[in-house]
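Presented below is the structure to which this report refers.
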Amino acid sequence: MTEAQQSENKGQQTRTVAELVEEIQALTTEIQELYCLDAIPWIIGVSWGKDSSAVLQLVWNAIAPLPPEKRTKTIHVITTDTQVENPIVAAWVRQSMQQLQSAAKEQGMPFETHLLYPAVKDTFWVNLIGKGYPAPRIRFRWCTERLKIQPANTFIRNMVRENGEVILVLGMRKAESTKRAATMEKHEEKRVRDRLSPRASLINSLVYTPIEDWRNDEVWLYLMQWTNPWGGNNKDLFNIYRGATADNECPLVVDTSTPSCGDSRFGCWVCTLVSQDKSMEAMIQNDEEKEWMQPLLDIRNELDIKEDWEKRDFRRIWGDVQLFEHTKNGETSVVPIPGPYTKFWREHWLRRLLEAQTQIRHTAPENMRDITLITLEELSAIRRIWLEEKHEFDDSLPRIYQEVTGEEFKDPRPGADLSLLGSDEWAVLEEICADDAMHLELMAKLLDTERQFRKMSRRVGIYDTLEKCFATSSRSKDEAVKNAHLKRDLKTAVEQGDVEKVKQLTLADFTAPDTPVDTTNVTQSDLETKTWASMKFKNQQTKP
């Protein structure tokens, strides 16, 4: 028995099938009363896994017996497609949404489906390949908020603005995890009635959790023994879960004593927040027809390297060097916090993704060969970031796209192909700068900054922008790290009130060696960071 099942059984009383039937009947009455109580719209958040499917089926079966004149309040069914979902699950979701919408129309049910997507600027690949964000980690979990939470919350807030308030129906269960149980119990303290709780993060929204006390086996029992009312086949969902377990076994739930396969977890195929993608590995292992997904698993495993510092810039994404204490093999050292993926590796991930997409379109089953791992809009956004924000005017994306796919890249962004600088100029610049990567970066930034400002009637801000180019790219890696250590030591000395140390560090930074200096008074301006302008005009400023 797994830890999750042990925890579940420990915290809950075992119910008989008859008692579960009574619970379902009571919930049916409760749902009907709550639905007819007022005009507040309902939103059911579904992932189309077992829990949310059970809740959706429970609500549908409760609303169906009501007379048509009482089924007037729309129930919005929302699903968020992160665009990096497991392809098998994504296909199941699309099929289920279509079936639900068709059945609702045919049966006169007040259900309306909404497939939500993250904004293009927030998608996984625009952030990882475009901006260079590293693969998500527990301490830098940048994906969940952008891909899942924001699209759903935006929809909910829009509904609140239109209607004043909403009721959000979710398939949350205390048996899912100890953390989930603690969160739900915390919200119970402010409940307005059974299973109906407010959420501070969603103003004017009440969260309704009808199956919060159900066990895994009870969820499966309900899905297997109660017919799917919109024409779907719950056994297909069961088979997906069974195929995602390592031993290919997920026993048919026939009574409350039968263990379930409820510990299977589905999510993004690129997820590096878990040690391994057991569900996809099991699918590929258990079914020869799913071996076409191997390229996805390979990319995911290639991304999942804990210390990928050699693939990342030594500066943060805004150009500063920040230090932290790193302990390895019992030894602690102060090193730079690694930043975004370098140009080489961002281009590498793009190439790998396009190669996987091209391969899958030739090897996948017929119904999966139209798969899109990265959209044209995402590619356009990545290209814009590389050109305008990272000043990489060699414009490598169209070239990589054509090399991998054999097709010309047609950018939907107006004016995207108009540029004064291109790959030829980049090649000349590389030759001039030889092997000095920082010199190449600085020259590219300066040239492209001038290009961006050239058509402006008033070039306000160009000097500040050029200053930032020098501040972030004028030092070699060793010099930049040394400067970061100096700032860190200076800050520590100031916090400790060590005046002599402050003078020593400040004057060592600002003067040439062996130059006699009056250390009696150190002004605030002396403590400020040197800039390109101050260094360039230093001699003129100090002349009498």
Side-chain angles (χ1 to χ4, degrees), residues 27-28 30-83 85 89-119 147-172 195-196 199 202-211 222-223 226-234 236-237:
L27 280 174
T28 298
E30 179 179 286
I31 291 169
Q32 290 174 341
E33 292 176 350
L34 188 60
Y35 176 80
C36 297
L37 185 62
D38 48 45
I40 300 174
W42 281 22
I43 300 173
I44 304 181
V46 297
S47 64
W48 294 98
K50 67 182 191 308
D51 295 335
S52 58
S53 295
V55 164
L56 180 57
Q57 182 169 308
L58 194 64
V59 173
W60 182 295
N61 286 336
I63 301 301
L66 294 175
E69 63 270 16
K70 290 189 176 182
R71 298 200 307 254
T72 57
K73 185 168 65 176
T74 303
I75 298 176
H76 301 274
V77 180
I78 64 172
T79 299
T80 301
D81 181 358
T82 64
Q83 298 181 310
E85 300 289 340
V89 178
W92 162 262
V93 168
R94 289 193 298 271
Q95 175 187 334
S96 300
M97 292 285 278
Q98 292 170 359
Q99 288 178 326
L100 181 70
Q101 189 64 65
S102 297
K105 185 176 181 180
E106 292 173 2
Q107 300 178 33
M109 293 291 284
F111 289 81
E112 185 176 316
T113 59
H114 306 269
L115 189 56
L116 311 178
Y117 298 93
L147 303 184
K148 293 186 177 181
I149 297 176
Q150 287 183 7
N153 284 0
T154 298
F155 182 89
I156 294 168
R157 291 190 179 104
N158 288 337
M159 290 294 296
V160 169
R161 277 194 288 269
E162 293 176 10
N163 301 276
E165 52 188 331
V166 298
I167 289 178
L168 182 61
V169 187
L170 299 176
M172 295 170 60
R195 291 179 278 274
L196 199 62
R199 286 293 169 90
L202 295 170
I203 299 174
N204 289 356
S205 302
L206 292 173
V207 177
Y208 181 45
T209 51
I211 65 169
Y222 177 66
L223 290 172
W226 274 257
T227 304
N228 185 299
W230 55 83
N233 189 345
N234 290 340
D236 290 342
L237 176 63

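Scope of the values below: all heavy atoms of this structure, side chains included, with no hydrogens, waters or symmetry mates. Throughout, numbering of the chain's residues begins at 1 and tracks the sequence.
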In Å, rounded to the nearest 0.5 Å, how long is the span from CG of Leu56 to CG of Asp51? 12.5 Å

Would you indicate whether the side-chain heavy atoms of Asn61 and Thr28 approach each other to under 4.5 Å? no

Give me the atom names and distance for the closest heavy-atom approach of Pro41 to His76. CB-CD2, 4.5 Å

Output yes when a side-chain donor or acceptor of Gln32 lies under 3.5 Å from a complementary backbone atom of Ala62, and no otherwise. yes

Between Thr82 and Leu147, is there a donor-acceptor pair closer than 3.5 Å when you use the side chain of the first and the backbone of the second? no

Tyr208 and Leu206: CA distance, side-chain angles, deciding distance, side-chain contact (heavy atoms from CB on, under 4.5 Å) verdict: CA-CA 7 Å; Tyr208 181 45; Leu206 292 173; over 6 Å; no

Could you give the distance from CD (Gln107) to CZ (Arg71), rounded to the nearest 0.5 Å? 8.5 Å

For Leu237, does its backbone N or O pair with a side-chain atom of Trp92 as donor and acceptor, under 3.5 Å? no

Look up atom CG in Asn153 and atom CG in Asn158, then write down how far apart they are to the nearest 0.5 Å. 10.5 Å

Might you point out which heavy atoms bring Ser205 and Val160 nearest each other, and give the distance in Å? OG-CG2, 3.8 Å

Thr79 side-chain N/O to Val46 backbone N/O, donor-acceptor pair under 3.5 Å: yes

Whether Lys73 side chain and Pro110 backbone form a donor-acceptor pair below 3.5 Å: no

Crowding at CD1, Ile203 (>12 non-hydrogen neighbours, <6.0 Å): no

Check whether the side chains of Gln57 and Asn234 place a donor and an acceptor atom closer than 3.5 Å, and report yes or no. yes

State the CG-OG distance between Leu100 and Ser53, to the nearest 0.5 angstrom. 10.0 Å

If I compare all heavy atoms of Ala152 with all of Ile78, which pair ends up nearest, and what's the gap? CB-CD1, 4.4 Å

Gap separating the OG1 atom of Thr80 from the CD1 atom of Ile149, nearest 0.5 angstrom: 10.0 Å

Distance, nearest 0.5 Å, that separates CD of Gln98 from CZ of Arg94: 8.5 Å

Out of Trp42, Tyr35, Trp226, Phe111, which one pairs with Trp60 under the ring pair (Phe, Tyr, Trp, His ring centres under 6.0 Å) rule? Phe111

Please evaluate residues Ile31 and Leu58 with respect to the criterion side-chain contact (heavy atoms from CB on, under 4.5 Å), reporting the C-alpha separation (whole Å), side-chain torsions for both, the decisive distance (0.1 Å), and the verdict. CA-CA 9 Å; Ile31 291 169; Leu58 194 64; 4.0 Å; yes

When Ile44 is tested against each of Thr113, Leu168, Val169 for side-chain contact (heavy atoms from CB on, under 4.5 Å), which residue passes? Val169

If you compare all heavy atoms of Val77 against all heavy atoms of Met97, which two are closest, and at what distance to 0.1 Å? O-CE, 4.2 Å

Identify which one of Ile167, Val59, Ile43 satisfies the side-chain contact (heavy atoms from CB on, under 4.5 Å) criterion when paired with Ile75. Val59

Minimum-distance pair of heavy atoms, taken over all atoms of Gly231 and Gln99: O-NE2, 3.9 Å

pair Val207-Leu202: side-chain heavy atoms closer than 4.5 Å: no

What's the shortest heavy-atom distance between Ser47 and Ser52, and which atoms? N-OG, 3.1 Å

